[in-house]
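The chains referred to below are lettered A, B, ... by the order of the sequence lines, with proteins before strands, and numbering in each begins at 1. Side chains are part of it too, since the values below use all heavy atoms of this structure and drop only hydrogens, waters and symmetry mates.
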Amino acid sequence: MSAMTRKQALIAALRGQERFARLQAVYESARPRRGRWGPGILTADEVFRHKAKDDGFSDEAIAMFIDNIDLWSKP
Amino acid sequence: MELPRRDRGDVYLQDGAFREKIAALRRIAPVSDVTIGIFYAFDFRTHMLPFWYADRRMAPASVRLLGDVLHAAGFVHVRIVLQQWSPRVLPDRMRLDGRPLDILMVSAMQVHAERAYALVRDAYRMGDARPLVLAGGPKAVYEPTDFFELGPEPGVGADCVVTGEVFVLLDLLYTILVGRHAGETPREAYEKARLAGALAKVPGLVYLSPDASPQAPVAVNTGVQRLLRDLDELPLPDAGYRMLEPPHRRRTASAKPAAPERVGRLSTIASVIATQGCRFNCAYCPIPSVNQRTWRHKSPKRFAAEIAHIHEQFGIADFFGTDDNFFNDRQTVIDLMTELARTRIAGKPLSARIRFYTEATEFDVYKNRDLLPLARAGGLAAIWFGIEDITAALVNKGQSAGKTAELFAMLQALEIEPMTMMIHSDTQPLQSRNGDLSGLLDQARYLFDRGAVSYQCTYLGPAVGTRDFEPAARVGTIFKQVGHKDVPQAFQDGNHVVASKHARPWRQQINLLRAYAAFYNPWNTVRAFLKMRGGSLGRKRLLFQCIGQIGLAMSIPRLLAWARQLKRGPIEAYPGLQAARIPMIDAISGEEINWAIEHVPSLSHPSRPSGLPTECYIHGHLLAHGRRDAHRQAGAVVATGMVSR
Ligand code: B12
Ligand code: SF4
């Protein structure tokens, strides 16, 4: 599957461009930090996962997003 | 407590052993297919005074040296990720030449440990395909078991922790890879070696005992490393600089490392190992024991060649010696600086193109002050002095106000920058009452007036691996929680008051800020400006006033927030010595041991580490039954239950 088709598949799975953009914004803004999710410091991805879940995204949607996002983010 | 050390006659590796091990690894053909990510963990909560300017401008020597050595040993797919440059790169996302990591190496100081743990946890996201996880660096050296059982699920943690220098890594990799079958991953080969007891023969490792249950893990310690005596056996610093991940904000690694011509702009300062060790024995310092009380240095030729090479290849002109006390030994200073002074590149003296900075005690520099002109001729441009307390009331290293003034005047005349490092403590007053120099602020002002270019002040808190630690722990000085929250490891940076018996620790915290402000302030900036025409030192003083005030602006909100938390409380200190979270046993004797921190014993019986040759077990049994003398006669030293081999 090409990167473009995968992106479209992901957007469809996330139920629309708007939700995709929202998740992408959460992804871009997540940075390593200590937060309300645990005593230790979390990686950018762990922070993203927590924030996205708090925003109502399912585990599957988050996992799929992470698996695919690097395909079209800048090298 | 201090780290144990080997028997006097057995401290060093055999000369040539280092290079032989590299050659042996090179002969294992498949090493070139192994992908390795080396991460230098960095916690941004530590990015403040006094190091905010330097911490991102110097690619650390530790991970670069690992890169140099791995390259020499034939590994070609290696990338070094510095979290201070690219903080979001994650091991599970990293691909080198399209392939995921086979080995993840994490290096961390204690203050950066939490970021290191997060990297290890991230690698576990890859499930069965995860890399072999190795941890090293100062955190690992002193507190190896902290890298195990990081949660959230049981079993998440480093596979193996290296408590020594880079030779231990070579020895470990050789032990793992020499028995690796085709198609086996390094992690599978490692597991095979661990279960077979092969790791027990590599001094300087800590790993989980295969015998212990996941519910009650026990760590096995293979003893104190042997040190590399001849530092010239290390490869020339080069490959490590060519493997650096460029700065960015992505989770993934770049297709290529930073181009060599960019390296000098990213890492404007090069850290170089010139000497290692210190002959002093300060109770709050772990350095002499980690070096097993040795004094090592590179040969003059090698030292100069290294600086010339880095300068020519990467365009770096500022060099920071990772020395503990450069003026420790008079002859070494003469030899190294004479060679630097006479080295020429492209027909010009090297010393005219580079600046060399180092650390030394005031006592030793003063004693050898006749060598300062030679050192200047060799390119010495600044010395960081651990003065700690001018009155020598806190620690007496032969420092005094008179010596400071005389030495600083000499340094100024030679245009060598005097940099000062001080320590504030529960017992030091903020201001002296009787006009002497006992007060913190009086000392800061005195140092500025005598021409100090920079100033740093840390709060005395017992460091792990020192003789000060246990007495402080016993009397409940070390904070465990503040405001019902664990004290972060990042706050063990000397900037935060995290151990004190003072009735108002928050005030001590504010004292630190006041001391900085007594040195770095607009008034001193004007004074530095007015004296600027007095040569390059004048400009440096002005520059450091600016750096210091920016750093102060960065630090004030964070340190005031901590002061507020200390004031609000409650402060809960560790009530005496603790049982180890994960007990540690000696690989041979099977006895529970202490390592840099004394714990109350938690294992009732010596347990035999799995897979050890029977001979070792018998040894262990003998030792466990108290016949240590027999073992000692055989040349081993028993320190806190630890057998060195
Ligand atoms: C240079 C230096 C700095 C520089 C760092 C610049 C840089 N980015 O490199 C500056 C001045 C900024 C600095 C600051 C601090 N430092 Co400092 N620093 C040093 C110093 C003098 C040299 C480090 C070095 O390069 N050594 C040479 C390299 C080659 O040796 P190495 O780091 O030990 O690495 C070897 C092994 O540890 C091992 N290894 C390392 N990583 C790994 C990883 C793996 C997987 C493996 C297998 C092996 C391995 O192999 C390496 C090669 O043999 C050391 C003391 C010393 N002599 O080592 C202190 C030291 C590292 N600093 C220390 C401390 C405490 C600090 C500060 C917190 C301030 C303070 N209170 O002093 C701050 C933190 C600032 C920050 N935000 O990071 C402590 C750390 C103690 C600890 N338990 O963590 C040390 C050890 C000094 C001490 N007190 O003993 N520091
Ligand atoms: S003089 Fe410095 S390096 Fe030497 S033991 Fe004392 S504090 Fe440590």
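Atom CZ of B:R99 sits in a crowded spot, with more than 12 heavy atoms from other residues, nucleotides or ligands closer than 6.0 Å. For A:K51, the NZ atom is densely surrounded, since the number of other residues' heavy atoms within 6.0 Å is greater than 12. The environment of CZ in B:R249 is sparse: at most 12 heavy-atom neighbours from other residues, nucleotides or ligands sit within 6.0 Å.
The shortest side-chain heavy-atom distance between A:P32 and B:R115 falls under the 4.5 Å cut-off. B:R121 places a side-chain heavy atom less than 4.5 Å from the side chain of A:L42.
Remark: A:R33 fails to qualify as a cation-pi partner of B:F44 under the 6.0 Å distance and 45° angle criteria applied to the six-membered ring.
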field: A:T43 and B:R88: CA distance, side-chain angles, deciding distance, side-chain contact (heavy atoms from CB on, under 4.5 Å) verdict
entry: CA-CA 7 Å; A:T43 64; B:R88 297 191 199 177; over 6 Å; no
message: Run B:R125 and A:E46 through side-chain contact (heavy atoms from CB on, under 4.5 Å) and show every step you take.
response: CA-CA 10 Å; B:R125 295 206 157 268; A:E46 285 171 325; 4.3 Å; yes
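If you measure heavy-atom distances from B:P488 to chain A, the contacts under 4.5 Å come from both the backbone and the side chain. Residue contact with chain A, scored on non-hydrogen atoms closer than 4.5 Å, involves the side chain of B:D122 exclusively.
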